[in-house]
Amino acid sequence: MTSMFRATSWAFKGLQCSSVLLSARMSSKTADRSRPLAGKVAVVTGSTSGIGFAIARRLAQDGAHVVVSSRKQQNVDQALAALQGEGLSMSGTVCHVGKAEDRDRLVATALRHSGNVDFLVCVAGVNPSVGSTLGSSEEVWDKILNVNVKAPALLLSQLLPHMENRGGSSVVLVSSIGAYLPEARLGAYGVSKAAILGLTKTLSLELAPKDIRVNCLVPGVIDTAFSKMLFEDPDFWNHMKGRHGIQRVGQPEDCSGLVSFLCSPDASYITGESIVVAGFSPRL
Ligand SMILES: NC(=O)c1ccc[n+]([C@@H]2O[C@H](COP(=O)([O-])OP(=O)(O)OC[C@H]3O[C@@H](n4cnc5c(N)ncnc54)[C@H](OP(=O)(O)O)[C@@H]3O)[C@@H](O)[C@H]2O)c1
């Protein structure tokens, strides 16, 4: 009994000691509050338009060097020109996240900046067909699961040696409100986005000992090319508005501040969390 108390007391002292170290580390890290991500390197997939582009811009505005990527060279060039034109520190490359050789190139491009990576934000996602879950062909299932679920895990496993134990590395995955409130006509896509919630939890446990936090952005209906078909459909939008507290379509910038926060030292005790950005909450 006595030895148990002694052990507990030592453990508590250890905790107190590490919390002192932690607060010292945090205050030094947050010294420049206008650029909380200064000196960090971020890789953002699917970042040449829409939500990914807004996230890439915000992370760079907050001080990070950001590596943008997507499938088409022309889109990468345009995004780089726009963001470098704003004076932001950027590089970029073509990367279809479902292709192994493209992921290799993205990793190599990211490492060229400083030899390490601090943040990975996996935005790239696809929905090749509108239809029911059971109506989805094997080809559709393969594409959705490869790009939306497998690719973030495979890319992260490649980046892991360059992200672990660096003091504050962070991964943000991107799910969808459809994971919580499935739409019958977005069947397989909704399943893939629910899987990302599970992936977030699993990875957060697996990577905590390596000092990497893993969280998830869960967007509602956001005004991008991807969702045009949905929010321009009056039936769908009226149905969604019935659920909404805030009666407007979201903008990509509504998502980007959250991702910057999740990467920042202010979120250093947050992992395994999924945060909805939808103008309402589907959860208690
Ligand atoms: N918009 C919404 O309402 C909404 C809601 C919930 C969740 N989401 C999720 O948010 C993410 C981004 O959507 P968004 O609305 O911003 O779409 P978006 O405006 O259409 O942008 C998609 C971006 O991803 C790139 N991309 C597409 N497929 C890719 C692939 N296989 N590999 C790499 N890059 C790829 C596109 O560029 P290229 O064409 O050059 O590849 C583009 O830069 C997706 O994961 C989506 O599921 C969106």
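What's counted below: heavy atoms across the whole structure, side chains too, no hydrogens, waters or symmetry copies. Computed from a prediction, not measured in an experiment: that's the story for all the values here. Each ligand, and each atom within it, is numbered from 1 in the order the structure gives.
- Residue-ligand proximity, V123 to ligand 1, at heavy-atom distances under 4.0 Å covers atoms 11 (C), 12 (C), 44 (C), 45 (O).
- Taking each of G50, A124, A79, P152 in turn, the one with a heavy atom nearest to atom 35 (C) of ligand 1 proves to be A124.
- Between I55 atom CD1 and E253 atom CD the span is 10.5 Å, to the nearest 0.5 Å.
- Put simply, CG on L262 and OG1 on T271 are 9.5 Å apart, with the number rounded to the nearest 0.5 Å.
- Residue S175 touches ligand 1 through its backbone alone, judged by heavy-atom distances below 4.0 Å.
- Every atom of ligand 1 is numbered from 1 in the order shown, and the set under 4.0 Å from a heavy atom of N75 is 38 (P), 39 (O), 40 (O).
- With a 4.5 Å cut-off on side-chain heavy atoms, L156 and M163 count as touching.
- Neither side chain, S70 nor N75, offers a donor N or O lying under 3.5 Å from an acceptor on the other.
- Among S176, S70, G220, the residue whose heavy atom lies nearest to atom 5 (C) of ligand 1 is G220.
- Nearest non-hydrogen protein atom to atom 42 (C) of ligand 1 is S49 OG, 3.4 Å.
- Residues C122 and V174 are not in side-chain contact: their nearest non-hydrogen atoms beyond the backbone lie 4.5 Å or more apart.
- Here's the thing with G98: none of its N/O atoms is less than 3.5 angstrom from an N/O atom of ligand 1.
- Here's the thing with I177: none of its N/O atoms is less than 3.5 angstrom from an N/O atom of ligand 1.
- The local environment of CD in E86 is crowded, with over 12 non-hydrogen atoms from other residues, nucleotides or ligands closer than 6.0 Å.
- Distances from ligand 1 to the non-hydrogen atoms of F53 include no value under 4.0 Å.
- When only interatomic distances are considered, the shortest N/O to N/O separation between V174 and ligand 1 does not fall below 3.5 Å.
- For the ligand labelled ligand 1, residue K193 lies inside the 4.0 Å heavy-atom shell.
- Here the straight-line distance linking atom CE of M229 with atom CZ of F236 works out to 8.5 Å at 0.5 Å rounding.
- Of the candidates G52, C95, C255, A56, it is C95 that places a heavy atom closest to atom 33 (C) of ligand 1.
- Heavy-atom proximity to V221, at under 4.0 Å, picks out these atoms of ligand 1: 3 (O).
- Annotation for ligand 1: atoms under 4.0 Å from non-hydrogen atoms of V147 are 31 (N).
- Dense packing is recorded around CD of Q247, with more than 12 heavy atoms of other residues, nucleotides or ligands lying under 6.0 Å away.
- Per-residue contacts place G125 under 4.0 angstrom from the following atoms of ligand 1 (heavy atoms of the residue considered): 44 (C), 45 (O).
- Atom OG of residue S204 and atom CD1 of residue I270 lie 12.5 Å apart, to the nearest 0.5 angstrom.
- More than 12 heavy atoms of other residues, nucleotides or ligands shown are found within 6.0 angstrom of CD on E101.
- The single protein non-hydrogen atom nearest to atom 39 (O) of ligand 1 is R71 NH2, 2.9 Å, given as residue, atom name and distance.
- Contact analysis leaves T45 out of contact with ligand 1, as no non-hydrogen atom separation drops below 4.0 angstrom.
- Ring pair H65/H113 is parallel by interplanar angle, where below 30° counts as parallel and above 60° as perpendicular.
- Using 4.0 Å as the threshold, G178 has no heavy atom nearer than that to any atom of ligand 1.
- Applying the 4.0 Å criterion to heavy atoms of V97 picks out, from ligand 1, the atoms 32 (N), 33 (C).
- Of all protein heavy atoms, the one lying nearest to atom 14 (P) of ligand 1 is T224 OG1, 3.6 Å.
- Ranking protein heavy atoms by distance to atom 23 (C) of ligand 1, first place goes to G46 O, 3.4 Å.
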